[in-house]
Every structure is written in C-alpha cells, then in structure tokens.
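See below for the structure under consideration.
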Amino acid sequence: MFDALSDRFDGIFSRMRGRGRLSEADIDEVAREIRLALLEADVNVRVVKGFIARIKERAKGAEVAKSLSPAQQVIKIVHEELVATLGGTSGKLAMSPKPPTVVMLAGLQGSGKTTAAGKLARHLKSQGLHPLLVAADLQRPAAVEQLRVLGRRIDVPVHTAPDGGPADPVEVTRTAFEEAARLGRNVVIVDTAGRLQVDAALMDELRAVREVARPTNSLLVVDAMTGQEAVNVAVAFDEAIGLDGVVLTKIDGDARGGAALSVKEVVGKPILFVGTGEKLEDFEPFHPDRMASRILGMGDVLTLIEKAEAAFDEEQAAAAQAKLRTGRFTLDDFLDQMQQVRKMGPLGNIMKMLPGMPKELRGAEVDEGQLARVEAIIRSMTPAERDDPSVINGSRRLRIARGSGTSTQEVNALLKQFKTVQQMMRSISQGKRPKFPIPGMPGL
C-alpha cells in the first residue's frame with residue numbers, strides 16, 4: 001500500500017528540490033500535484049480539500065518565506081499534515097481497571113476479522129497479557145474452526161458454543177466471562193459475525209452482543225483494499241454500535257491508501273493496528289508519524305528496530321557485534337544474519353523502512369526463492385570453505401553447485417557478492433559509512 005502515492009510524492013519533491021526560492025505559483029503547482037496524487041489514491045474528497053488548504057496556508061506563510069531551504073520546509077509541512085491526517089498520535093487499547101479487558105471486533109464478511117482476532121491475541125500475549133478468544137461468529141461456515149486453529153497455533157484458548165448446544169452468539173459471549181475467570185484470562189477478544197454488506201440484521205446482532213460484552217474497546221476491522229468505501233462502512237458501524245478504533249488489514253496489498261488517509265478525519269476514530277501480511281506475526285500498532293515517513297520515502301527506523309529486537313536472539317546479536325568490531329565476517333555469519341533478517345518479514349518491506357534507500361530499490365521485489373538458493377549453496381560448503389572462501393577452486397565450486405542443486409555461475413555470483421559484503425563490514429568496523437545500494441543483497 002502507498003507505493004503509488006510514494007512514487008508521486010517522490011517525483012513532486014524531486015522537482016521542487018531543484019528550485020531555489022519558491023513563488024506562490026510554485027506552491028500552487030505543488031499543491032495541485034499533491035491534490036491529484038491523493039485523489040488517485042482514493043482519499044476522501046473532503047479530506048483532500050482540508051489537507052491542501054492547510055498546506056497552502058502554511059507554505060505561503062512566514063515559516064517558508066524565512067527558511068533557508070523553502071523546498072525542505074514545504075516537505076516538512078506535508079509530513080506534519082500527513083501525520084495529523086493519519087491521526088496525529090499513536091492510539092492504544094483502553095485497559096479496564098477491573099479485568100477482563102474486553103475487545104469486540106466487528107466488520108463486514110471478508111475483511112479479515114477472524115484472522116485479525118488471532119493476530120491481536122498473539123500481539124497481546126507478547127505484551128505479557130493473557131487473552132481468551134471468543135468465537136461469536138456463528139454466521140460464516142468454518143469461522144469457529146478457523147479461530148480454533150489460530151488459537152492452537154498461538155497457544156491461546158478459544159471459547160465456543162457447546163457441541164450440540166444452541167448457536168447463539170449472545171449466549172456464547174455471556175458464558176465467555178465465566179471461562180475467562182476459570183482460566184485466569186485478563187483479556188477477552190470477541191470475534192463477531194459479519195455480512196457481505198451493512199444491514200439491519202447484522203447491526204441488531206452486534207447490538208445484542210455488545211449489550212452483553214460491554215466492551216472496553218469496540219474495534220472495526222476494515223479491509224484496506226476497499227479504499228474510500230471503507231470510510232462509509234466505518235461511519236455506518238460507528239452510528240450503529242459506537243466505535244473506539246479501527247484495525248486496517250491487508251495493507252501489504254496493492255491498496256491505494258485512501259482508507260488509511262481518510263478514516264480518522266471523517267469518522268474521528270483512530271487506526272490502532274494494521275495487518276501487514278498473511279502471517280500471524282504480521283500485525284503491528286499503527287503509528288501515524290512512522291506511516292507518514294514511509295509514504296514520503298523517509299524510511300521507518302523505529303519500526304525496523306522493533307522488528308529487529310523481536311526477531312534477533314540477544315546472544316547472537318552480541319556475538320555479531322563483537323565480530324563486527326573485529327572486521328572478521330565469514331559465510332557462516334552471513335547465513336546467520338540472513339536467517340535473522342528473514343524473521344523480520346518480507347525483505348521488500350524491510351527495504352522500504354531504510355532511510356535514504358533509493359526509489360528503485362525501495363520498490364524492488366526481492367526474490368525469496370533466491371535467498372533459499374543462497375542458503376543451499378552455503379550449506380553445501382565444508383566448514384573450512386565457509387570460514388575462508390578463498391580456498392574454493394574450480395572443482396570445489398562444481399561440487400558445491402551439484403550439492404545445492406544450483407549452477408557454478410550462481411556459486412560464483414554468491415562468492416563475488418560475499419567478498420563485497422566483507423569489504424563493507426570492514427569499512428563499518430573502521431567507522432566508515434557504507435553506501436547504498438548494499439552489495440550482496442540477493443536478487444538486487
């Protein structure tokens with residue numbers, strides 16, 4: 001998501017940086033291009049109008065006129081207004097002073113609500129909480145079983161209707177609190193039913209479940225792929241049951257970003273979490289400032305650090321730092337680092353978080369299959385070869401290629417890339433800054 005919008009902003013700002021002082025005509029031109037970019041991203045028209053008006057007012061004011069670098073100041077203004085449009089500050093789940101905290105998830109069918117329930121449970125569990133999943137979606141076939149499967153994968157109990165008992169979501173929700181008390185669970189996540197569209201039957205059922213659950217947080221799960229229509233859905237749910245926040249799913253797809261940029265300003269409810277992929281760990285709190293930086297191609301170092309802290313083993317990280325200081329880097333180290341980085345998620349997403357990454361690399365598709373071939377090549381080497389690749393001659397290359405199911409050309413390419421990475425590591429150990437693009441990244 002946001003790739004097309006990021007490209008448009010990149011083009012606008014690149015042209016603007018080449019100019020000295022900015023005239024009112026220049027600012028009007030930039031505002032017009034930003035307006036078109038936002039409309040193409042399916043952002044709500046009312047939101048676009050307010051956004052452009054605020055930018056033009058600030059850009060034509062004293063803060064830009066007195067600036068030594070007007071172009072950079074305009075970029076700063078756009079960034080700040082994007083942050084405000086996305087919600088300003090990061091929202092958080094409200095926690096009940098008297099457990100359990102109840103989170104009720106609502107949304108249309110197909111929005112990823114049940115998966116979001118599992119992801120949220122995993123996230124809260126990682127924060128030291130003890131969630132209970134409640135299967136109150138009795139409309140969609142297999143929804144209950146899907147939640148059971150997710151619960152087993154993350155080791156979180158799932159409360160369901162008794163076998164052979166009445167399929168009543170209100171009763172399932174009511175008995176969930178007894179189960180939570182029995183199991184010592186301090187967070188109850190209620191997965192409710194959805195429909196293909198907003199209708200009276202859906203809202204009546206949600207009101208009945210809400211009356212029993214008395215949720216601390218009522219969250220709407222919205223598919224980012226629905227674009228601006230997601231805002232209309234959010235308005236309807238908010239009027240019917242009252243919302244406290246939004247969970248935006250599937251932002252890793254080719255959605256244009258209209259939902260994320262519209263929902264807070266139109267509905268007045270913050271985006272609390274985003275689903276960034278299909279895996280259960282692809283779920284993170286929504287930070288408006290970080291998302292604005294990503295949109296403008298400024299990277300997202302804080303999220304990258306958080307992902308690294310979650311993925312990297314502390315002992316391995318300490319050992320890697322010690323080796324980095326010595327400037328010694330082997331193929332075993334290269335393989336270890338590659339495996340740790342892969343735990344952080346798709347490499348294409350990680351590239352987008354790196355500040356200063358060139359546009360052509362930021363949007364590059366990294367061949368994950370290539371990474372598997374690199375691993376196979378390294379594992380086909382002897383310990384001595386991994387420690388000192390200079391001993392690998394022609395016959396050894398042929399043996400390694402056969403053992404890894406690759407070609408000698410691929411083995412040669414890896415060894416060449418690795419030699420460049422070694423040189424880069426030596427530069428880092430000497431306090432020098434490496435230049436992008438980073439050589440040795442497979443597939444780039």
Side-chain angles (χ1 to χ4, degrees), residues 1-89 227-228 231 251 254-266 271 287-302 351-364 435-437:
M1 192 170 76
F2 294 125
D3 285 349
L5 186 58
S6 295
D7 289 344
R8 287 296 299 270
F9 274 124
D10 188 72
I12 294 168
F13 294 149
S14 293
R15 291 191 296 275
M16 192 170 59
R17 288 188 190 100
R19 302 174 187 175
R21 312 299 294 182
L22 293 178
S23 66
E24 285 200 14
D26 292 331
I27 293 172
D28 287 338
E29 180 187 345
V30 169
R32 184 167 55 253
E33 292 189 40
I34 292 176
R35 180 190 293 112
L36 288 173
L38 293 173
L39 290 174
E40 287 177 2
D42 202 22
V43 179
N44 181 275
V45 174
R46 194 180 87 194
V47 174
V48 174
K49 285 183 177 179
F51 184 84
I52 296 301
R54 292 193 300 272
I55 288 176
K56 289 178 71 174
E57 181 182 356
R58 293 182 60 186
K60 292 180 180 180
E63 60 182 308
V64 171
K66 295 179 181 179
S67 172
L68 293 175
S69 177
Q72 290 183 1
Q73 192 67 19
V74 171
I75 294 171
K76 177 176 178 288
I77 290 171
V78 173
H79 180 265
E80 290 173 353
E81 292 300 333
L82 266 180
V83 173
T85 302
L86 288 165
T89 57
Q228 191 179 146
V231 178
I251 72 164
D254 59 359
R256 290 173 289 176
L261 284 164
S262 304
V263 68
K264 175 62 171 69
E265 195 155 330
V266 175
I271 300 172
H287 301 284
D289 54 340
R290 303 183 191 181
M291 187 59 71
S293 294
R294 287 194 215 179
I295 293 172
L296 297 182
M298 298 176 180
D300 183 359
V301 176
L302 290 176
M351 300 280 282
K352 294 173 185 176
M353 295 182 195
L354 291 170
M357 182 64 69
K359 173 186 170 183
E360 59 273 14
L361 291 183
R362 228 173 30 235
K435 296 180 180 179
F436 287 116

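Minimum interatomic distance between Lys264 and Gly87 (heavy atoms only, all atoms of both residues): CG-CA, 3.5 Å. When all heavy atoms of Ile27 and Ala59 are compared, the closest pair comes out as CD1-O, 3.3 Å.
Between the CD1 atom in Ile251 and the CD1 atom in Ile271 there is a gap of 9.0 Å [rounded to 0.5 Å]. Distance check: Ile34 CD1 to Leu39 CG gives 12.0 Å after rounding to the nearest 0.5 Å. Between Glu265 atom CD and Leu86 atom CG the span is 10.0 Å, to the nearest 0.5 Å.
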N/O donor-acceptor pairs under 3.5 Å from side chains in residues 48-56, not counting sequence neighbours:
from	atom 1	to	atom 2	distance (Å)
Arg54	NE	Glu81	OE1	2.7
Arg54	NH1	Gly50	O	3.4
Arg54	NH2	Thr85	OG1	3.3

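Using a 4.5 Å heavy-atom threshold, the side chains of Val47 and Leu261 count as separate.
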